[in-house]
Amino acid sequence: MKISVHRAPGTRDFLPEEMALRRYVRKVIEETFELYGFQPLETPAFERLDVLTGKYGEEADRLIFKIMKRGEELEAAKLSGDLADLGLRYDLTVPLARVVAMNRGELTFPFKRYQIQPVWRAERQQKGRYREFVQCDVDIVGTTSLAADAEIIALTDHVLHRLGIPGYRIHLNHRKLLQAIAQAASIPDERFLEMCVTIDKADKIGLNGVWEELANKGFITEQIVRLKEMLSAPHDPNVALQHIQPFLEKLESGQIALRETTAFLSHLQDMNVPRERVSLTLHLARGLDYYTGPIFETLVETPRIGSITGGGRYDNLIGMFCGEAIPAVGTSLGIERIIEVMRELKLFGEISEGSARVLVAVFSPETENEALKIAAELRRAGVPTEVFLESNKKLGKQFAYADKKRIPYVIVAGPDEISQGVVTLKNLQTGEQKVVDRAQIIEELNQRFRLE
RNA sequence: GUGUGAUUAGCUCAGCUGGUUAGAGCGCCUGACUGUGGCUCAGGAGGUCGGGGGUUCAAGUCCCCUAUCGCACCCCA
């Protein structure tokens, strides 16, 4: 009987070819993080449900994968309706907050950590969105200094630059700026989040779409007109700041917001973040409730895939776990989307990582032992080597095998070579072939590898 | 949770208003090339058309049910 072979919806397998790309991107990211002094952290796939819920806003709680209680507890729970007590992590920020709260006596602050692990979301699959995907977070915990926020942006820029992503732009905004804007537009506090959610859609539905949707939601014309005036600012950070200044400088909250934004931008300049890579985008709001300060998101023009990084400052989240306010700022790099962009734009060169460098062909059953010996020597010398695992296949098959697996060199040791104490070494990329003394193989190969 | 489209060979798909033995490209296997991959050429294998029911002389094609996958909305990486 045949078992059905479907994957759970919204999940993926990563075959070796795909893994090579993923590992390459991950390596570049990790190296860059460490260049800035961040250290790795891992946390469990699942957490107690009370740790996860209530941190992201009501909407998101529904999207947490819940794990049912087990055994007797489950029977008891059927009466109360609380069937789950654990959940798969929804992001990496909340687990970080939990770790910091639990270890705050031991950690050295500011605590700079990065974390690259899968997260799970119980939503319907869509283009570029999965129910299981890898998130990659960097955060700085324990300082309110805006230099930390700026460092996160500098790091984001550095990673994307190193990966060779063209045309990305890091959009910045500040929650306090948004609050002051809402205040200046006479929007009451209780409609602030609703306003944020709507204006945040600007890249998707355009600013005109935003005005329309605000009107549909019952925002009055006067409020919309004020928002229009304020939000229709150019992208250049300093110009945008000048544009918004007259609207906000009379408000106390506005003054604070302007001062902090100015400081933030000036740090970015000092850290050499290229000016054309950043925008002050006043309609950027981001969905998550817990942001309190600067917020940011990176977009690429092609392909249109949504944001490839996103983050911000969240000074109150960790306090929810330990009662003591611990400020933090960080970002999440959408590794999956970054890979998708790189694939789409063909930015991956020939990555043959994961394949062996040499295939030792087996000429015939009689010479198999010699091939095995050669392979063992190569491996001992640190050369990634495959030996053909069947002894009765034609050489043509074996060369085709090496070609398909992108193994660049094939060594043949047939009866002629063995009797003369040599091997034939062929480079599949150039087609060049030469006879090498049996004792010289490793030296010959190492010389070639060094030249590549 | 709400809409919507699809399902035919290992993969990507064609198959017009129902009409005999269901096709193509790629991939795979064999050979030309009995010690050498990519290119070319010649052959070959591979499908109960997702599953079930119905209409009809006749169903891959029309109708109903079901399963699965995808896309859009909400929200987000």
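Note that the coordinates shown come from a computational prediction; the quantities given were computed from them, not determined experimentally.
- A/Y409 places its OH atom 20 Å from the P atom of B/rG38, with the value rounded to the nearest Å.
- Separating the NZ atom of A/K404 from the C1' atom of B/rG37 is a distance of 10 Å, rounded to the nearest angstrom.
- Taking a pair as Watson-Crick or G-U wobble with both distances under 3.5 Å, the runs of three or more consecutive pairs in RNA chain B are B:1-7 with B:67-73, B:10-13 with B:23-26, B:28-32 with B:40-44, B:50-54 with B:62-66.
- Taking CG of A/L265 as the start and CG of A/D236 as the end, the distance is 9.5 Å to the nearest 0.5 Å.
- Per the stacking criterion (ring centres < 5.5 Å, plane angle < 30°), A/F133 stacks onto the base of B/rA77.
- A donor-acceptor pair under 3.5 Å is absent between the side-chain atoms of A/T11 and the main chain of A/R7, judged by distance alone.
- A/E194 places its CD atom 10 Å from the P atom of B/rC75, with the value rounded to the nearest Å.
- Annotation: ring pair (Phe, Tyr, Trp, His ring centres under 6.0 Å) contacts involving residues 148-174 of chain A, sequence neighbours excluded, comprise A/Y36-A/H158, A/H171-A/H235.
- Counting to the nearest Å, the C1' atom of B/rU36 and the CG atom of A/L359 are 12 Å from each other.
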Could you list the protein-to-nucleotides 44-46 of chain B atom pairs, N/O on both sides, closer than 3.5 Å?
none

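- Judged purely by atom type and a 3.5 angstrom limit, A/R121 uses its side chain to pair as donor or acceptor with the backbone of A/Y90.
- As judged by a 4.0 angstrom heavy-atom cut-off over every strand, A/G310 is placed among residues making no nucleic acid contact.
- Aromatic rings from A/Y290 and A/Y314 are positioned such that their centres are separated by under 6.0 Å.
- Atom C1' of B/rC26 sits at a distance of 16 Å from the matching atom of B/rC39, rounded to the whole Å.
- A/E340 comes within 4.0 angstrom of no nucleic acid atom, judged by non-hydrogen atoms across all strands.
- The side chain of A/L63 has B/rC75 as its nearest neighbour among B/rC75, B/rC69, B/rG35.
- Taking the C1' atoms as reference points, B/rC69 lies 15 Å from B/rU8, given to the whole Å.
- Atom name P, nucleotides B/rG18 and B/rU61: the rounded distance is 11 Å, in whole Å.
- Contact of A/E123 with B/rG1 (side chain to base): no donor-acceptor pair of N or O atoms is detected under 3.5 Å.
- Straight-line distance from the CD1 atom of A/I295 to the P atom of B/rA77: 11 Å, rounded to whole Å.
- With hydrogens and angles ignored, the 3.5 Å screen pairs a side-chain donor or acceptor of A/D200 with a backbone N or O of A/R286.
- Whole-Å rounding puts the A/K397 NZ to B/rG35 C1' distance at 15 Å.
- In summary, of the residues considered (A/E377, A/E417, A/E444), a salt bridge (charged side-chain N to carboxylate O under 4.0 Å, His left out) with A/R438 occurs for A/E377 alone.
- If you measure from atom CD of A/Q433 to atom C1' of B/rG35, you get 9 Å, rounded to the nearest angstrom.
- For the pair A/D91 CG and B/rC75 P, the interatomic distance rounds to 18 Å; values are reported in whole Å.
- In this model, the phosphate group of B/rU30 is not approached by any side-chain N or O of A/K393 to a distance below 4.0 Å at OP1 or OP2.
- If you check every strand for non-hydrogen atoms under 4.0 Å, A/V412 touches a base.
- Between the side chains of A/K217 and A/T198, a donor-acceptor pair is found at a separation under 3.5 Å.
- The gap from the C1' atom of B/rG23 to that of B/rC16 amounts to 15 Å, rounded to the nearest Å.
- Nucleotides B/rC63 and B/rU4 have their P atoms positioned 16 Å apart, rounded to a whole Å.
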